[in-house]
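Report on one structure; see the data block that follows.
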Amino acid sequence: SELGYRVKENLFGVDADAVGRTNEVDGSITIEGTEVTRGEFVVDVATITSDDSRRDGQFRGGIMATDEFPEASFVLTEPIELGTEPADGVEVTATATGDLTLRGVTNPVTFDIDARLENGRIGVLGNIPVVFADYDVPNPSTGGISTDDNGLLEFVLVFEPA
């Protein structure tokens with residue numbers, strides 16, 4: 001599994017994407033018939049790294065305050081209807097609704113996911129739009145670097161049978 005962020009930034013007049021990733025993700029889902037009835041994941045935010053150590057220092061420090069808020073989490077609050085029971089090689093697109101917690105602030109979110117059962121493992125791909133102010137995340141703009149006031153939490157989660 002992998003989880004991270006993507007934020008549009010402007011570096012001294014040049015548009016770019018700031019991207020950070022980690023594979024320190026733990027989670028589980030419960031499937032009953034054609035529904036995902038339970039689902040959650042937790043990520044160790046301090047392990048998220050990008051291609052720039054200065055960005056990582058800012059991210060862990062003033063932006064995400066990982067000393068105070070070491071984890072981010074998502075908990076499903078409504079069942080996800082898959083339409084059919086999972087079948088090997090079949091991709092399913094669905095909508096997930098739950099509570100996202102970043103920097104100690106929890107908000108309800110709804111987003112689309114793509115899932116596929118392959119060789120007994122379920123892969124789930126998606127992203128959650130995040131407005132920084134909704135989670136008390138300070139805008140990371142500094143000096144000649146400016147960012148939007150929002151970004152994406154992106155994930156690829158792989159679940160294996162228990």
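All residue numbers in this chain count up from 1 along the given sequence.
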Regarding [X] and [Y], do their side chains bring together a donor and an acceptor under 3.5 Å, going by distance alone?
X: Thr106; Y: Asp99; value: no
X: Asn139; Y: Ser141; value: yes
X: Glu9; Y: Ser146; value: no
X: Thr95; Y: Asp112; value: yes
X: Thr34; Y: Thr84; value: no
X: Asp134; Y: Asn107; value: no

Mind listing the closest non-hydrogen atom pair of [X] and [Y] along with its distance?
X: Thr47; Y: Asp44; value: OG1-O, 2.7 Å
X: Ala46; Y: Arg60; value: O-NE, 2.6 Å
X: Pro138; Y: Asp136; value: CD-O, 3.5 Å
X: Val36; Y: Ile29; value: CG1-CB, 4.1 Å
X: Gly27; Y: Phe159; value: C-CE2, 3.8 Å
X: Pro129; Y: Leu152; value: CA-CD2, 3.8 Å

Keeping [X] on the side-chain end and [Y] on the backbone end, is there a donor-acceptor pair under 3.5 Å?
X: Asp56; Y: Ser50; answer: yes
X: Arg103; Y: Ala72; answer: no
X: Glu35; Y: Thr37; answer: no
X: Arg38; Y: Thr77; answer: no

Are [X] and [Y] linked, directly or through other ILVMFWY residues, by side chains that come within less than 4.5 angstrom of each other?
X: Val7; Y: Val105; result: yes
X: Val75; Y: Leu153; result: no
X: Ile122; Y: Ile80; result: yes
X: Val109; Y: Val130; result: yes
X: Leu102; Y: Leu76; result: yes

Practice problem: Start with the C-alpha distance between Val45 and Phe59, add both sets of side-chain angles, then the distance that settles side-chain contact (heavy atoms from CB on, under 4.5 Å), and finish with yes or no. | Solution: CA-CA 9 Å; Val45 180; Phe59 178 80; 3.7 Å; yes

Rounded to the nearest 0.5 Å, how far does [atom2] of [Y] lie from [atom1] of [X]?
X: Gln58; Y: Met64; atom1: CD; atom2: CE; answer: 13.5 Å
X: Phe74; Y: Thr101; atom1: CZ; atom2: OG1; answer: 10.0 Å
X: Ile128; Y: Phe111; atom1: CD1; atom2: CZ; answer: 4.0 Å
X: Arg55; Y: Ile48; atom1: CZ; atom2: CD1; answer: 13.0 Å
X: Asp114; Y: Leu125; atom1: CG; atom2: CG; answer: 5.5 Å
X: Glu40; Y: Thr30; atom1: CD; atom2: OG1; answer: 8.5 Å

Quiz prompt | side-chain contact (heavy atoms from CB on, under 4.5 Å) between Leu3 and Phe41, worked out | solution = CA-CA 10 Å; Leu3 183 135; Phe41 64 79; 3.3 Å; yes

Practice problem: Side-chain contact test, heavy atoms from C-beta onward, threshold under 4.5 Å: evaluate it for Pro86 versus Leu82 and give yes or no. | Solution: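 Yes - at least one pair of side-chain heavy atoms lies under 4.5 Å apart.
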
Quiz prompt | Within-4.5 Å side-chain heavy-atom neighbours: Asn10 and Thr147 | solution =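 Of all side-chain heavy-atom pairs linking Thr147 with Asn10, none is under 4.5 Å.
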
Quiz item: So, Asp17 and Lys8, do they make that salt bridge, N to O below 4.0 Å?
Solution: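 Salt bridge flag = yes for Lys8 with Asp17.
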
Practice problem: For the pair Glu154 and Arg21, find out whether any cationic side-chain nitrogen is under 4.0 Å from an anionic carboxylate oxygen. | Solution: yes

Exercise. May I ask you to check whether Tyr5 and Phe155 place their ring centers less than 6.0 Å from one another?
Key: no

